[in-house]
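One structure is given below, encoded as structure tokens.
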Amino acid sequence: MTPGGGSGPMKDCEYSQISTHSSSSPMESPHKKKKSAPKRKWEVFPGRNKFFCNGRIMMARQTGVFYLTLVLILVTSGLFFAFDCPYLSEKITPAIPAIGGILFFFVMGTLLRTSFSDPGVLPRATPDEAADLERQIDIANGSSSGGYRPPPRTKEVIINGQTVKLKYCFTCKIFRPPRASHCSLCDNCVERFDHHCPWVGNCVGKRNYRFFYMFILSLSFLTVFIFAFVITHVILRSQQTGFLNALKDSPASVLEAVVCFFSVWSIVGLSGFHTYLISSNQTTNEDIKGSWSNKRGKENYNPYSYGNIFTNCCAALCGPLSPSLIDRRGFIQPDTAQLAGPSNGITMYGATQSQSNMAAATPLLQSEPSITSEELPLPGKTSISGPCATLTLGQPTPPSSMPNLTSDTGLTDMIPLKEEHEGHQFLTPEEAPSPPGMLPSGSPITHSHTMHVLSLASQDSLHEDSVRGLVKLSSV
């Protein structure tokens, strides 16, 4: 304030009371950063998968063969509806394009449902769950403080009287459930894993197996349907104009017949194979490995079979659909409460990470003062008030790393002896905890072999000066 009541440049600078326990640091800029939008789980999914439509569509990374499947189905069906169906509906019946359209849409629907859905991926264990599982393994096996012992790779469970081994997955850190397996292409453990199908661009497991089976079955009917009526179209035209003229009039029919002829065998054979698997309640993975025998009386009988073909088919195709376990569209919940590290002997519960970092960066805001090199006591001057209540006291012992400490007269004067200060106790360097961020590792205070405690008056004045300095900085 200038004389005469005039306002100087300090008029706008006012002192304001700040709380040293607030979650925001007074050193922060007044322009706060905008909070980043919370991420969804599919954005940080650990497996090798592709996600589209904000996580609604889930596929494998290798999708080239899937696009080839789409092209073959769309081109072949499109040529059939464009060049064959008009002639067939006129000469035979209009029901032919109608039936072909129904089959086409059913094939496309089941293909997209198989390719875009979660096949039954099992979530990986969190670090806490993995550590707890390792502790359970150690307790079960009675391991002591011996050498390194890797966790066991299998566990045994009894299912319908048959012993089933559960294998440990070192990637997902879990014991896989029965019939689950780890896909090396997608890098996920899949429940009731059947196989990885590149033609659909996804794994085939518990949640999409029924759609995969309906896809290959309906595709078999569509392929046979198109092939049969393309041949019918060529025969009817050849009867009128001759075989060569019929091929010239409808060249698309030749392409359709070639594609269907070379694909119908594999598609029909694959449909028959999976029909056999469904009737016996097996998976492709189990059948290839030869895990179970079809005969119930043998020792390695299939414990998952109901003993009836009709029941097995109903269980595979008509049973309830399991929900997804990975919740790929859910939001990642940040850790709101954590156990912060001890600061000056005081443990803070519920402090966030930003608060603990702020406390370490600004130690003057803590209740305990810092120690500076300017306040070291001189020889012959006593500056010790009383023992700190928050620290454990002990008797002074010279450190073993400096055996000739007492031989130096200058250092001997700086170390008060027990006889000169009776009633006072000192802390050894090993016993005195150093708060994080309080003293740099290269400062001479960290190598001092005595702990000097400030008096109560110096504590209050230092705390008051530090708060005033922070207020001025924040106002500027």
With sequence neighbours excluded, residues passing salt bridge (charged side-chain N to carboxylate O under 4.0 Å, His left out) with Lys173: none
Using the side chain to side chain donor-acceptor pair (under 3.5 Å) criterion, which residues pair with Arg328? Sequence neighbours excluded. none
Taking Leu112's backbone N and O only, do any of them form a donor-acceptor pair with Ser115's side chain (distance below 3.5 Å, no angle check)? no
Tell me whether Asn302 contacts the main-chain N or O of Asn281 through its side chain, where contact means a donor paired with an acceptor under 3.5 Å. yes
Non-neighbouring partners of Asn245 that pass side chain to side chain donor-acceptor pair (under 3.5 Å), sequence neighbours left out: none
With distance as the sole test, does Gln240 use its side chain to make a donor-acceptor pair with the main-chain N or O of Arg237 at under 3.5 Å? no
What distance do Asn188 atom CG and Met58 atom CE have between them, rounded to the nearest 0.5 Å? 5.5 Å
I'd like to check the salt bridge (charged side-chain N to carboxylate O under 4.0 Å, His left out) partners of Arg124; sequence neighbours left out, ordered by chain and number. Asp187
Can you tell me if Thr283 and Asp194 form a side-chain donor-acceptor pair at under 3.5 Å? no
Hey, is the main chain of Ser322 close enough, under 3.5 Å, to the side chain of Arg207 for a donor-acceptor pair? yes
Quick one: list whatever passes side chain to side chain donor-acceptor pair (under 3.5 Å) with Ser220, sequence neighbours left out. Ser271
When the aromatic ring centroids of Phe104 and Phe106 are compared, is their separation below 6.0 Å? no
For His195, enumerate each residue passing the ring pair (Phe, Tyr, Trp, His ring centres under 6.0 Å) test, keeping only those at least two apart in sequence or located in another chain. Phe212, His274
Would you say the side-chain atoms of Ser280 pair up with the backbone N or O of Tyr276, donor to acceptor, closer than 3.5 Å? yes
Minimal non-hydrogen separation, Thr223 against Ser263, with atom names: CG2-OG, 3.9 Å
Between Pro303 and Trp292, is there a side-chain heavy-atom distance shorter than 4.5 Å? yes
Aromatic Phe215 / basic Arg113 pairing, under 6.0 angstrom, 45° off normal: no
Ring pair (Phe, Tyr, Trp, His ring centres under 6.0 Å) partners of Phe116, counting only residues at least two apart: none
Between the side chain of Asp84 and the main-chain N/O of Ser253, is any donor-acceptor distance below 3.5 Å? no
Give a yes or no answer on whether the side chain of Asp132 reaches the backbone of Asp128 with a donor-acceptor pair at less than 3.5 Å. no
Looking at residues at least two apart in the chain, or sitting in another chain, which of them share a salt bridge (charged side-chain N to carboxylate O under 4.0 Å, His left out) with Arg179? Glu286
Phe229: ring pair (Phe, Tyr, Trp, His ring centres under 6.0 Å) partners, not counting sequence neighbours: Phe225
For Gly205 and Val190, work out which heavy atoms get closest and say how close. CA-CG1, 4.0 Å
Heavy-atom pair of closest approach, residues Cys260 and Ile226: SG-CG2, 3.8 Å
Under the salt bridge (charged side-chain N to carboxylate O under 4.0 Å, His left out) rule, collect the residues that match up with Asp249, sequence neighbours excluded. none
Who passes side chain to side chain donor-acceptor pair (under 3.5 Å) against Ser218, sequence neighbours left out? none
Contacts of type ring pair (Phe, Tyr, Trp, His ring centres under 6.0 Å), residue Phe66, not counting sequence neighbours: none
Output yes when a side-chain donor or acceptor of Thr63 lies under 3.5 Å from a complementary backbone atom of Met59, and no otherwise. no
Just so I know, are the side chains of Val204 and Cys197 near enough to count as touching, which here means a heavy-atom distance under 4.5 Å? yes
Would you say the side-chain atoms of Thr93 pair up with the backbone N or O of Ser89, donor to acceptor, closer than 3.5 Å? no
So, Arg192 side chain and Ser181 main chain: donor-acceptor pair closer than 3.5 Å or not? no
Taking atom CG of Leu321 as the centre, does the number of heavy atoms from other residues, nucleotides or ligands within less than 6.0 Å exceed 12? yes
Run the ring pair (Phe, Tyr, Trp, His ring centres under 6.0 Å) test on Phe211 and Tyr209 for me, step by step, so that the C-alpha distance in whole Å, both residues' side-chain angles and the decisive distance to 0.1 Å come before the verdict. CA-CA 5 Å; Phe211 303 107; Tyr209 180 78; over 10 Å; no
Search all heavy atoms of Cys85 against all heavy atoms of Phe81 and return the closest pair with its distance. SG-CD2, 3.5 Å
